[in-house]
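I have placed the structure first, in the form of structure tokens, so that the comments after it can refer back to it.
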Amino acid sequence: MPELPEVETIVRALKHGGRGGAPIIGKKVSDANLLWDKTLSTPSFEKFEGKISKTTIKDITRRGKFVVIHLDNEFLLIHLRMSGDLRIDPPPVLPPQNHDRLLIYFEDGYRLAFNDTRKFGRAWLVSNPEIVTGNLGPEPFDTTLMASDFYMRLQRKKKQIKSLLLDQSFLAGLGNIYTDESLFRSGIHPMRLSNTLSSKEAERLLKAIRDTLNEAIAHNGASIDWVYRGGEFQNNFRVYQQTGNPCPVCSTPIQRLVVGQRGTHFCPKCQPEGVPE
DNA sequence: CCTGAAACCTGTCTGC
DNA sequence: TGCAGACAGGTTTCAG
């Protein structure tokens with residue numbers, strides 16, 4: 001489910017409260033419960049329980065789509081994949097909810113629940129977060145990432161732009177929704193090869209990515225179906241899941257196609273195929 | 001090295 | 001109503 005804006009919203013809620021939960025910074029872990037073995041990538045649950053008990057949550061940050069929970073001497077990283085979510089339960093804590101996979105109990109009676117219907121989500125407890133996030137590309141909001149750098153990086157690859165934007169080692173944080181929305185806003189066809197973009201187009205694309213993500217964060221991300229609650233950005237989709245609806249710019253019906261095994265939405269008029277003159 | 005397909009999972013919706 | 005099939009916010013693995 002969650003892409004950068006949804007993960008950012010969750011991180012802010014864990015840090016400052018919101019989405020029905022209290023801040024968890026400063027809380028001390030008492031123990032943990034793993035309800036689906038594969039959810040914990042590393043270490044073994046036995047070691048995990050020993051290492052996480054009695055530690056205090058120092059900070060919570062985001063890297064790409066990873067939630068990074070800073071503990072005294074280690075880091076708990078969580079990737080929500082398609083259907084994961086994090087929930088704070090106040091005391092008195094009730095029995096686990098349906099699809100809860102990993103529970104972390106605090107000494108003050110609160111509980112952090114990693115809930116994940118489809119079981120794709122993963123957690124890692126590591127001494128250095130880079131062990132997990134080392135292969136990620138730059139953050140879209142990295143102020144040192146200039147349009148000219150972005151253009152050069154696009155030139156070096158020869159891949160369909162939609163697939164390249166989904167590649168987390170190229171740029172960290174975009175998923176299916178925000179690539180479609182960003183490509184629409186920059187007027188670029190999703191199947192264009194990355195090395196055919198002009199420097200102007202690269203600049204427009206980077207700005208569109210940043211504008212789209214900022215707007216989505218301002219709306220607390222997007223909520224679709226039963227997955228992820230509290231966001232409102234789904235009401236602002238221009239093309240994602242708008243197949244057949246009129247383009248908000250030119251009224252041409254939005255089309256759907258498959259690019260790199262992913263459903264892709266675009267306006268055939270605003271995002272013409274082929275390289276412009 | 002690269003690309004594309006399959007795998008990992010559960011739930012919802014559509015069409016016959 | 002039942003049931004098969006498609007599809008879903010992501011990533012890793014494997015075959016070629």
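These numbers come from the heavy atoms of this one structure, side chains and all, not from hydrogens, waters or symmetry mates. Predicted, not measured: the structure shown is a model, and the values here were computed from it. Throughout, protein chains are lettered first and strands after them, A, B, ... in sequence-line order, and every chain is numbered starting at 1.
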Send over the distance from [X] [atom1] to [N] [atom2], rounded to a whole Å.
X	N	atom1	atom2	value
A:Glu6	C:dG10	CD	P	9 Å
A:Leu80	C:dA8	CG	P	20 Å
A:Tyr240	C:dC7	OH	P	12 Å
A:Ile78	C:dT11	CD1	P	15 Å
A:His79	B:dC8	NE2	P	19 Å
A:Gln261	C:dA6	CD	C1'	14 Å
A:Arg101	B:dC9	CZ	C1'	9 Å
A:Arg256	C:dC7	CZ	C1'	7 Å

Between A:Asp100 and A:Asn115, is any side-chain donor less than 3.5 angstrom from a side-chain acceptor? yes
Identify whether NZ of Lys or CZ of Arg in A:Arg153 sits under 6.0 Å from the centre of the six-membered ring of A:Phe170 and within 45° of that ring's axis. yes
On the ring face of A:Phe106, is A:Lys28 found with NZ or CZ under 6.0 Å from the centre and within 45° of the axis? no
By the 4.0 Å heavy-atom rule, please label A:Tyr178 as base, sugar-phosphate, or nothing. nothing
Look at all strands and tell whether A:Ser223 reaches a base, only sugar-phosphate, or nothing, counting heavy atoms closer than 4.0 Å. base
Ranking A:Arg118 and A:Gln168 by the position along DNA chain C of their nearest nucleotide, the one closer to 5' is A:Arg118
Phosphate OP1/OP2 of [N] contacted by [X] side-chain N/O (<4.0 Å):
X	N	value
A:Arg262	C:dG10	yes
A:Lys158	B:dC2	no
A:Lys65	C:dG10	yes
A:Lys119	B:dC8	no
A:His99	B:dC9	no

On DNA chain B, check which nucleotide each of A:Asn98 and A:Gly260 is closest to and give me the residue with the more 5' one. A:Gly260
Of A:Thr117 and A:Ser163, whose nearest nucleotide on DNA chain B comes first from the 5' end? A:Ser163
Taking a hydrophobic cluster as the set of Ile, Leu, Val, Met, Phe, Trp and Tyr residues connected by side-chain heavy atoms closer than 4.5 Å, whether directly or through intermediates, do A:Leu125 and A:Leu80 fall within one such cluster? yes
Could you tell me the Watson-Crick or G-U partner of B:dC1, where both distances fall under 3.5 Å? Say none if there is no partner. none
Can you tell me the base-pairing partner of B:dC9? Count Watson-Crick or G-U wobble geometry only, both distances below 3.5 Å, and say none if there is no partner. none
Identify the two heavy atoms, one from A:Cys270 and one from A:Cys250, that lie closest to each other, and give their separation to 0.1 Å. SG-SG, 3.9 Å
In whole angstrom, give me the gap between the C1' atoms of C:dG2 and B:dC9. 23 Å
Distance, C1' atom - from C:dG10 to B:dC1, rounded to whole angstrom: 24 Å
Can A:Phe120 be said to stack with the base of B:dC8, given centres closer than 5.5 angstrom and planes under 30 degrees apart? yes
Quick one: NE2 on A:His189 to CZ on A:Phe266, what's the gap to the nearest 0.5 Å? 4.0 Å
